Amino acid sequence: MSPQNSLFDAAPVASAPPSSPLLAHLNPEQLAAVTLPPEHALILAGAGSGKTRVLTTRIAWLLQTGQVSPGGLMAVTFTNKAAKEMLLRLGTLLPVNVRGMWIGTFHGLCNRFLRAHWKLANLPQSFQILDTQDQLSAIKRLMKQYNVDDERFPAKQTQWFISGCKEDGLRPGMVEARDEETRKKVELYQLYEEQCQREGVVDFGELMLRSYELLRDNASVRDHYQRRFRHILIDEFQDTNKLQYAWIKMLCGEHNAVLAVGDDDQSIYAFRGARVGNMADFVREFQVRHQIKLEENYRSYSHILDSANELISHNQKRLGKTLRTSQGPGEPVRVIESASDFAEANWLVDEVKQLVRDQGTEPGFERKEIAVLYRSNAQSRVIETGLFNAGIPYRVYGGLRFFERAEIKHALAYLRLLENPNDDTSFLRVLNFPPRGIGARSVEQLQDAAKAAGCSLHDAVSTLSGKAGTNIAAFVAKIDVMREQTEAMTLREIIALVLAHSGLVEHYKADREGADRLENLEELVNAAESFVTQEGFGRDAVAMSPEQQVATLTQSPASQGLDLSRPLIQADDPLPPDAETGETLSPLAAFLSHAALEAGDNQAQAGQDAVQLMTVHSSKGLEFDAVFITGLEEGLFPHENSASDHEGLEEERRLMYVAITRARKRLYLSHSQTRMLHGQTRYNLRSRFLDELPEASLKWLTPKQQGFASPGLGGGSGGGYGARRENSSASWGSSGRSAPDFASYTAAAPAPLPPQKAEPPQGLRAGMKVFHNKFGEGKVLTVEGTSNDARAQVNFPRHGIKWLALSVAKLTPI
DNA sequence: TCAAGTGAGGTTTTT
DNA sequence: CCTCACTTGA
């Protein structure tokens, strides 16, 4: 390794930077990152280190110093939210018209690319995008048609297989199929592809894969984009999958500069194909000479950061990074043990009340600045019940988003049929919705006819005869008439007409519980309206000519230091070969892409001052004044499915790291002795992660108990926080039932009482080592049930994993 | 065609 | 225990 290649040399600024206001207030590392020379670089950006700021300032700096024109760079993110944020902040840094710039999500940019090159990509101009739901129903339909046993090949699994292949860049012919089962899946993959192609639809994976292949197979297109995008900036690089990495590589020729920004310690999406290893691969394959660490944290006090640092230091596979702050220690991290999940929720409710009540005085927390995090969605229920009964407003992240709602999907299906009559997924979705007397038999007949003729359902209708055909023919006629009627209409008018003529509005009006759905349909019209005005109905979906780009740029307000007279686009920046710039995508088609790629807000009633409930995964990228991390128990967090192998455990630890680093001022870590799971009471040990934190930064509100050794000891009651120190010698279960149960919060709907006794059967807890007369030594994995029903799952090194009924088997703790 | 019943399965999720 | 997807019966 050459000296230049040494790790994390904060690269000196090439030449003295212009003392631009852009660069003010950046710390040395940030400044170095922003002003890096135009070469490949990796920024290792810790949580809360100003990553987005560096990215946007870098773009602004490149533009301002004339190193690149707005059309000459591309910035890629994973979520629409991140992309919007980037555009927004860029707009505040520079008077640049960001419309038309290639800043967006991987999928959004691929969509734009494929729209510009639809012919080369072998797609219809207005190809439709299948979301995950659509994809699954398309696969189900396919499997039915080919009489595939869905017991042996569940549609979900097939979907997972297909998506997995695409993420790895594999077409059916490239998949290595050793066993019969895989061969069958590959066959289904092949058939699915043919079906999508026939119907003119692409799924999310296809957007990426086809873009990649087009670049790979078409030298002139590839050359064009390689020459065009001198600067490529990638956000959240640790989340890229194999295909995305290959795609980036494909966009890189001799003279490109890729700026990859990421944090290996926050890589929590391996389960969906993300490869942290891409960071190391990037450094090696791109011969990255500049690596910069951003370790200064602007979010949290040092007790919180010390906890995060210490925890993550237990991971072996790391690039290495330590967060620091100049904000001072702050409060210690509070740790609490409860007797049950109910008690935990109760305590949490009390604590939240306290935090909110203190508002105005110190510390003073707004409800929306309080987050409750958990490992899995199922955990939210108890907490919701508690908050609900206490009358505390709360908001749960992660339900159905706007464009995923059934009524919206129905409306979109009609709209899609206007654009593309061959979209069988949409056809089937609304063929009999609202009900118009088309039964399963008729549908099957139609499907058979279509299969025989090798055409779409829409086209097969004419071949249909008899009574069954008339209703279907009427449906098709209705769609065709709508298409004609809407030809010259605005998007808003089109949607209004479709809503009325499809019968959707009528149907929901008749439905007692249809009011909400009607409201959403109303909202769809609004969404279309604002799409048209804000997005310029997707004009940016088509590659802009240089002239257009200069034009939009000069339209923007007077710039500070941006020389508008200089030619912004080089003369040698021609339109991509075969770009279909003449034909504009229809507003409707653009809106439909938008609906598929941007499913809408993930939270109900935004803007309200409500406590935020979400999984740790969805908390990534967010921050709150106060954070509760709940359910810190072995088996839950780290999750039992991940704890067995080293890789999985390290990812769980990163997840915990993400959770901790969400907190600005105050952090609570909570675990419970018992928890209701799958209808059974489980007895879990506290998470090992709690033992991986620095004692000096913690404050145990309930006494810390010794490891696995004394299951019968200790004190956690569900009650008062911080006031429970006195019962350190009390046997749990017999004391500390002082917490009010939910019934005391609610007059109307009493919730179930917490269990009377939290005594694990025979004192067994997960994680304990036990001895069995026949099997020898083993480790307890789980304990379930009570008294006579109780059983334990034990892993015996010699005999494997066994379930043992505790009323029969003799297990001695050792 | 719709409502009630049955049975399986229950980490994490964006596009 | 709870949710959902799918089947069955009127």
Side-chain angles (χ1 to χ4, degrees), chain A residues 76-83 104-111 129-137 140 144 150-151 154-157 160 163 166-167 202-209 211 235-236 239-241 243-244 267-274 341 373-382 385 397-401 403-404 432-441 511 593-602 614-621 631 635-643 648 651-652 654-656 658-659 675-682 751-752 755 784-785:
Chain A
V76 197
T77 64
F78 273 87
T79 64
N80 291 300
K81 201 178 160 198
T105 64
F106 277 101
H107 298 269
L109 295 180
C110 284
N111 177 53
I129 299 167
L130 300 184
D131 67 14
T132 315
Q133 283 178 44
D134 300 329
Q135 187 190 30
L136 184 64
S137 64
K140 278 184 182 164
K144 209 171 193 173
D150 57 354
E151 298 273 288
K156 274 254 173 64
Q157 209 179 298
W160 187 82
S163 302
K166 292 193 180 185
E167 275 161 15
V202 297
D203 58 36
F204 289 132
E206 189 69 26
L207 282 173
M208 281 297 321
L209 183 51
S211 301
D235 192 16
E236 305 276 18
D239 287 338
T240 51
N241 63 33
L243 177 59
Q244 285 157 342
S267 163
I268 56 173
Y269 285 112
F271 70 92
R272 68 176 199 214
D341 47 350
L373 309 185
Y374 34 79
R375 175 65 237 269
S376 64
N377 286 303
Q379 287 167 254
S380 75
R381 171 169 288 275
V382 212
T385 312
Y397 276 58
L400 270 194
R401 283 119 49 133
F403 286 113
E404 292 169 351
N432 195 34
F433 194 95
R436 43 176 76 86
I438 300 170
R441 288 178 322 281
D511 187 345
S593 308
H594 166 80
L597 290 171
E598 206 166 333
D601 219 339
N602 210 348
M614 67 192 82
T615 63
V616 179
H617 278 96
S618 26
S619 76
K620 194 179 154 209
L636 245 193
F637 199 178
H639 196 274
E640 51 197 345
N641 296 1
S642 310
E651 174 136 330
E652 293 288 308
R654 292 194 290 268
L655 200 47
M656 180 68 182
V658 167
R675 186 171 295 277
M676 210 52 160
L677 197 65
H678 307 337
Q680 297 249 261
T681 306
R682 299 203 7 179
E784 290 185 351

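Predicted, not measured: the structure shown is a model, and the values here were computed from it. Reminder, nothing fancy here: chain letters follow the sequence lines and each chain counts from 1.
- A stacking contact between H617(A) and dT12(B) is absent: the pair does not combine a ring-centre distance of less than 5.5 Å to the base's six-membered ring with planes differing by less than 30°.
- Contact check, K140(A) against dC6(C): a side-chain N or O comes under 4.0 Å of OP1 or OP2.
- Counting non-hydrogen atoms under 4.0 angstrom, N80(A) reaches the backbone sugars and phosphates but no base.
- Between the P atom of dT15(B) and the CG atom of L243(A) lies a distance of 17 Å, rounded to the nearest Å.
- Residue T615(A) places at least one side-chain N or O under 4.0 Å from the OP1 or OP2 atom of dT13(B).
- At a threshold of 4.5 Å between non-hydrogen side-chain atoms, the residues L597(A) and N111(A) count as touching.
- Between the CG atom of L677(A) and the P atom of dC1(C) there is a distance of 13 Å, given to the nearest Å.
- Residue D131(A) contributes atom CG, which lies 17 Å from atom P of dT13(B) at whole-angstrom precision.
- Among the heavy atoms of the strands, none lies under 4.0 Å from F106(A).
- Between dT12(B), dT1(B), dT14(B), one nucleotide has an atom nearer to the side chain of T79(A) than all others, and that is dT14(B).
- Comparing the same atom, P, in dC4(C) and in dT13(B) gives a spacing of 15 Å after rounding to whole Å.
- Atom CG of L373(A) and atom P of dT13(B) are 12 Å apart (whole Å).
- Nearest nucleotide to the S618(A) side chain, out of dT13(B), dT1(B), dG10(B): dT13(B).
- Between K620(A) and the options D239(A), T615(A), T79(A), a side chain to side chain donor-acceptor pair (under 3.5 Å) holds for only D239(A).
- The side chain of T132(A) contributes no N or O atom lying less than 4.0 Å from OP1 or OP2 of dT15(B).
- Side-chain contact between L655(A) and R375(A) is present, with heavy atoms from C-beta onward closer than 4.5 Å.
- N432(A) has a side-chain polar atom (N or O) that falls below the 4.0 Å cut-off from OP1 or OP2 of dT1(B).
- Residue K620(A) contributes atom NZ, which lies 12 Å from atom P of dT13(B) at whole-angstrom precision.
- A close approach under 4.0 Å does occur between a side-chain nitrogen or oxygen of N377(A) and OP1 or OP2 of dT13(B).
- Phosphate proximity of dT15(B) to R401(A): present, with a side-chain N or O under 4.0 Å from OP1 or OP2.
- Sequence order on DNA chain B of the closest nucleotides to E404(A) and A440(A) puts A440(A) first from the 5' end.
- Listed nucleotides: dT11(B), dT12(B), dT15(B). Nearest to the side chain of F271(A): dT12(B).
- Between the CE atom of M208(A) and the P atom of dT14(B) there is a distance of 18 Å, given to the nearest Å.
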